[in-house]
Amino acid sequence: MEAARASGATRFAIAARQVLPNVAPPVVVYCTALIGLSIVYAAGLSFLGLGVSPPTAEWGLMVSDHTQYIYTAPFLAAIPALAILVASVAFNVLGDGLRDLLDVRGEARA
């Protein structure tokens, strides 16, 4: 940044060329992780009855409604629970893929 400032670059140019490429990958990973976490939190609140109202379809509410049938038809509660798991993992994997795509150094981190 000091070399860019010494060469006469504006603050916007320094931010766009020096700061943004280094900040974007962690921010993207953090945001996609928060999306997955938000799905889990919303489903948990709906499971406890603190989420959306019952006519609205929501995964946590579906799991809650079908827990009474857990011994006779366990797949009724397992399918929405599996959907919650798949959606949250998908957003985390998407974030990792975008981090690798936006990596400034050009190398994938382990």
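This is a predicted model, so every value here is computed, not measured.
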Linked, directly or transitively: Val40 and Leu34 (ILVMFWY side chains, under 4.5 Å): no
Closest non-hydrogen atom pair between Pro80 and Ala77, with its separation: CD-O, 3.5 Å
Separation between CG of Leu94 and CG of Asp96, rounded to the nearest 0.5 Å: 9.0 Å
Linked hydrophobic residues, Ile70 as query - side chain contacts closer than 4.5 Å: Tyr71
Euclidean distance, Phe91 CZ relative to Cys31 SG, rounded to 0.5 Å: 12.0 Å
Cluster overlap Ile35 with Leu101, hydrophobic side-chain contacts below 4.5 Å: yes
NE2-CG distance between His66 and Leu61, expressed to the nearest 0.5 angstrom: 9.5 Å
Tell me which donor-acceptor pairs under 3.5 Å the side chains of residues 44-59 have, and how far apart each pair is, sequence neighbours excluded?
| from | atom 1 | to | atom 2 | distance (Å) |
| --- | --- | --- | --- | --- |
| Ser46 | OG | Ala42 | O | 3.2 |
| Ser46 | OG | Glu58 | OE1 | 2.9 |
| Glu58 | OE1 | Gly60 | N | 2.9 |

Remaining members of hydrophobic cluster (4.5 Å side-chain criterion), Leu76: Tyr69, Phe75, Ile79
Pairwise side-chain contact, Thr32 with Asn92, heavy-atom cut-off 4.5 Å (strictly under): no
Hphob cluster co-occupancy, Val27 + Val93, side-chain heavy atoms under 4.5 angstrom: no
